[in-house]
Trainee: 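Here you go, one structure.
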Amino acid sequence: MGMAFRSVGVNHTGNISTHWDLEPAKSAGADFVEIWLEDLGVILGGVLDETRLEPLRELLLDADLGYTVHAPLEVNLMDLTAPEIQRSILMSSVRFAGEIGAGTVVCHAGQRLAARDARFRLKDQLAAERESLGEIGDLAEALGVTVAVENFYPDRPVLGGAAYDYSVWPSELAEQIDAVDHPAVGVCLDVGHAALAAGAFGFDLFEECAAVAPLVRHIHLHDNLGKTDPGIDPASYGDRIFGTGDLHLPPGVGTIPLEGLFGRLDFPADPACCVELAPALSFRAPEALKSARHLGRLTPRQKIAS
């Protein structure tokens, strides 16, 4: 039976200084590793630091792995006070992806790390984000890279009104990316985030994910118990003891109905699927990758084809 996922990989958190840092993912059977740019020190003042880029590129290319890139979380294309540096950071992330042969750059939508600046109209901020994504999409297309904009979850600042992020509703993200209308700009569907948002806001998980599925170019797959807690540090991986927040568990360990979800969703673009585990659970990557490949064989289109 075929698989709807083009490839299945795992996230890497922390620095990469030798090829041994990538060995756990390789031995777990990952097709690719998703690397976080803020961990690598390769962007300085919004541009690529060539002195860091050269040795890092050589190390990554010698490791014989595929890669995807996660842009720095701080990127906020709705920031109209400093749009140049925001755009430059994401441009540099795309250029870095091109340097290492990574086909996808994941970035976050909205401005989830700050309150929405009331000096600007929301529609102007959303328009600015679309314009920036279109420009960055042109660069990405020239380099053979796809920019995948990720949906977020209702963490403490979002629930408390201290931060704004429209993408906690996947259908809202779908509207924004559909309006960008660029072949190199799509969506990263984070299933764990969507499930937490469904629990917090009472929306139908399948309906919201189905709304975004035609635009999905990348998937973040992890599990949780569907419980949010406004008291949790938003920078954490939830609270395992109480079972709340963005736990980043291996698929199948939490309560998200993953088989039912992937059994009904169709992803026309055959996205890559990154299993995103909390750092303390990285040792469970082999079983998590196996679960991801199983879910990839469940999608409706592949069932028909088989």
Side-chain angles (χ1 to χ4, degrees), residues 2-12 16 22 25-26 30-40 42-43 46-50 52-72 75 77 86-109 129-150 173 176-190 212-221 267-276 292 296:
M3 195 162 70
F5 302 152
R6 183 172 67 254
S7 54
V8 175
V10 69
N11 61 315
H12 175 91
I16 299 174
L22 297 165
K26 202 169 178 179
D31 300 324
F32 67 87
V33 173
E34 186 153 301
I35 51 182
W36 288 61
L37 279 190
E38 60 250 57
D39 293 335
L40 302 181
V42 76
I43 295 179
V47 299
L48 289 178
D49 180 352
E50 293 293 333
R52 174 64 174 138
L53 172 62
E54 293 301 326
L56 183 59
R57 177 175 56 191
E58 189 175 335
L59 187 162
L60 293 171
L61 293 178
D62 285 348
D64 192 31
L65 266 167
Y67 300 102
T68 56
V69 170
H70 201 303
V75 170
L77 298 178
Q86 300 285 0
R87 196 179 302 123
S88 180
I89 293 168
L90 191 49
M91 287 274 197
S92 295
S93 303
V94 169
R95 289 191 181 99
F96 177 76
E99 292 282 350
I100 64 167
T104 304
V105 171
V106 177
C107 68
H108 280 270
E129 182 178 61
R130 291 194 299 272
E131 183 180 353
S132 289
L133 285 171
E135 288 182 27
I136 294 162
D138 289 342
L139 173 66
E141 188 173 29
L143 295 175
V145 174
T146 294
V147 175
V149 186
E150 180 179 345
L173 177 60
Q176 179 77 333
I177 300 307
D178 193 49
V180 174
D181 192 23
H182 196 292
V185 179
V187 167
C188 169
L189 173 62
D190 189 303
V212 82
L215 297 165
V216 170
R217 306 293 289 276
H218 196 68
I219 290 172
H220 279 170
L221 177 62
F267 301 105
D270 295 330
C273 176
C274 176
V275 177
E276 262 198 328

Trainee: Can you name the closest pair of heavy atoms from A102 and V145 and give their distance?
Mentor: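 Taking A102 first and V145 second, the nearest heavy atoms are O-CG2, 3.5 Å.
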
Trainee: Please report the C-alpha distance between I43 and S93 in whole Å, then the side-chain angles of each, then the deciding distance to 0.1 Å, and finally whether the side-chain contact (heavy atoms from CB on, under 4.5 Å) criterion is met.
Mentor: CA-CA 8 Å; I43 295 179; S93 303; 3.9 Å; yes

Trainee: Please enumerate all residues that pass side-chain contact (heavy atoms from CB on, under 4.5 Å) together with P214, with sequence neighbours excluded.
Mentor: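 Counting only residues at least two positions away or on another chain, P214 forms no side-chain contact (heavy atoms from CB on, under 4.5 Å).
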
Trainee: Closest heavy-atom contact between F32 and C273?
Mentor: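 Distance-wise, the nearest heavy atoms are CZ-O, 3.5 Å.
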
Trainee: How far apart are the closest heavy atoms of G9 and A30, and which atoms are they?
Mentor: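 In terms of heavy atoms, the two residues are closest at CA-CB, 4.1 Å.
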
Trainee: Applying ring pair (Phe, Tyr, Trp, His ring centres under 6.0 Å), can you list everything that pairs with F96, at least two apart in sequence or on another chain?
Mentor: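 Result, ring pair (Phe, Tyr, Trp, His ring centres under 6.0 Å) vs F96: none returned.
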
Trainee: Mind running side-chain contact (heavy atoms from CB on, under 4.5 Å) on I16 and I35 for me, showing each step along the way?
Mentor: CA-CA 9 Å; I16 299 174; I35 51 182; 3.5 Å; yes

Trainee: Could you list the donor-acceptor pairs under 3.5 angstrom formed between side-chain atoms of residues 176-185 and any protein atom two or more places apart in sequence or on another chain?
Mentor:
| residue | atom | partner | partner atom | Å |
| --- | --- | --- | --- | --- |
| Q176 | OE1 | R130 | NH1 | 2.9 |
| Q176 | NE2 | L126 | O | 3.0 |
| Q176 | NE2 | E129 | OE1 | 2.9 |
| H182 | ND1 | A184 | N | 3.0 |
| H182 | NE2 | D138 | N | 3.3 |
| H182 | NE2 | D138 | OD1 | 2.7 |

Trainee: Does the side chain of L37 reach to within under 4.5 Å of the side chain of V42, using non-hydrogen atoms?
Mentor: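 L37 reaches V42 side chain to side chain.
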
Trainee: Do the side chain of D31 and the main chain of V8 share a donor and acceptor less than 3.5 angstrom apart?
Mentor: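 Such a contact is found between D31 side chain and V8 backbone.
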
Trainee: May I ask you to test the I219-F5 pair for a side-chain heavy-atom distance under 4.5 Å?
Mentor: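 Heavy-atom side-chain distance check passes, below 4.5 Å.
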
Trainee: Enter the distance from D190:CG to L173:CG here, rounded to the nearest 0.5 Å.
Mentor: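 D190 CG to L173 CG: 11.0 Å, rounded to 0.5 Å.
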
Trainee: Which heavy atom of W36 sits nearest to which heavy atom of E276, and what is that distance?
Mentor: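 Nearest heavy atoms, W36 then E276: CZ2-OE2, 3.5 Å.
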
Trainee: If you look only at pairs with a residue in residues 139-148, which of them pass as a salt bridge (Lys or Arg N to Asp or Glu O under 4.0 Å), with sequence neighbours excluded?
Mentor: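 Of all non-adjacent pairs touching residues 139-148, none passes salt bridge (Lys or Arg N to Asp or Glu O under 4.0 Å).
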
Trainee: Going by heavy atoms in the side chains, are I100 and V69 under 4.5 Å from each other?
Mentor: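 Answer yes - side chains close enough.
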
Trainee: Picking from L215, V212, L221, what satisfies side-chain contact (heavy atoms from CB on, under 4.5 Å) with L189?
Mentor: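 Result: among L215, V212, L221, V212 is the only option passing the side-chain contact (heavy atoms from CB on, under 4.5 Å) with L189.
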
Trainee: Using side-chain hydrogen bond (donor to acceptor under 3.5 Å, both in side chains) as the criterion, list what pairs up with R57, not counting sequence neighbours.
Mentor: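 R57: side-chain hydrogen bond (donor to acceptor under 3.5 Å, both in side chains) contacts with E54, E99.
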
Trainee: If the condition is ring pair (Phe, Tyr, Trp, His ring centres under 6.0 Å), which residues does H218 pass it with, not counting sequence neighbours?
Mentor: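 If we apply the ring pair (Phe, Tyr, Trp, His ring centres under 6.0 Å) test to H218, skipping adjacent residues, the hits are H220.
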
Trainee: Yes or no on side-chain contact (heavy atoms from CB on, under 4.5 Å) for V147 and C107, after CA distance, side-chain angles and deciding distance?
Mentor: CA-CA 7 Å; V147 175; C107 68; 4.0 Å; yes

Trainee: Can you tell if the side chain of T104 reaches within under 4.5 Å of the side chain of V106, non-hydrogen atoms only?
Mentor: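 In short, these two side chains touch, coming nearer than 4.5 Å.
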
Trainee: Measure from the side-chain N and O atoms of K26 to the backbone N and O of A63, and report whether any donor-acceptor pair falls under 3.5 Å.
Mentor: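 Flag set: sc K26 to bb A63 pair under 3.5 Å.
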
Trainee: Under the side chain to side chain donor-acceptor pair (under 3.5 Å) definition, can you give me all pairs with a residue in residues 59-69, not counting sequence neighbours?
Mentor: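 Every side chain to side chain donor-acceptor pair (under 3.5 Å) pair that includes a residue of residues 59-69, provided the two are not neighbours, is E34-T68.
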
Trainee: Could I get the full list of side-chain contact (heavy atoms from CB on, under 4.5 Å) partners for E131, not counting sequence neighbours?
Mentor: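 Residues passing side-chain contact (heavy atoms from CB on, under 4.5 Å) with E131: E135.
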
Trainee: Please list, chain by chain and in numerical order, all residues satisfying side-chain hydrogen bond (donor to acceptor under 3.5 Å, both in side chains) with T146, sequence neighbours excluded.
Mentor: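 For T146 the side-chain hydrogen bond (donor to acceptor under 3.5 Å, both in side chains) partners, ignoring immediate neighbours, are R217.
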
Trainee: Please examine the side chains of L22 and L59, heavy atoms only from C-beta on, and report whether any two atoms are closer than 4.5 Å.
Mentor: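 Result yes, sub-4.5 Å side-chain heavy-atom pair found.
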
Trainee: Which heavy-atom pair separates V47 from S92 by the least distance, and what is that distance?
Mentor: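 Where V47 meets S92 most closely, the heavy atoms are CA-OG, 3.3 Å.
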
Trainee: Check whether any side-chain heavy atom of L56 sits under 4.5 Å from a side-chain heavy atom of L60, and report yes or no.
Mentor: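 In short, these two side chains touch, coming nearer than 4.5 Å.
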
Trainee: Is the H70-H108 ring centre distance short of 6.0 angstrom?
Mentor: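 Yes, close enough.
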
Trainee: Mind checking side-chain hydrogen bond (donor to acceptor under 3.5 Å, both in side chains) for S132 and listing every partner two or more places apart, or none if nothing turns up?
Mentor: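 In terms of side-chain hydrogen bond (donor to acceptor under 3.5 Å, both in side chains), with neighbours along the sequence ignored, S132 is linked to R87.
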
Trainee: Any non-hydrogen side-chain atom of V94 less than 4.5 Å from a side-chain atom of L139?
Mentor: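 Counting from C-beta outward, V94 and L139 do come under 4.5 Å.
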
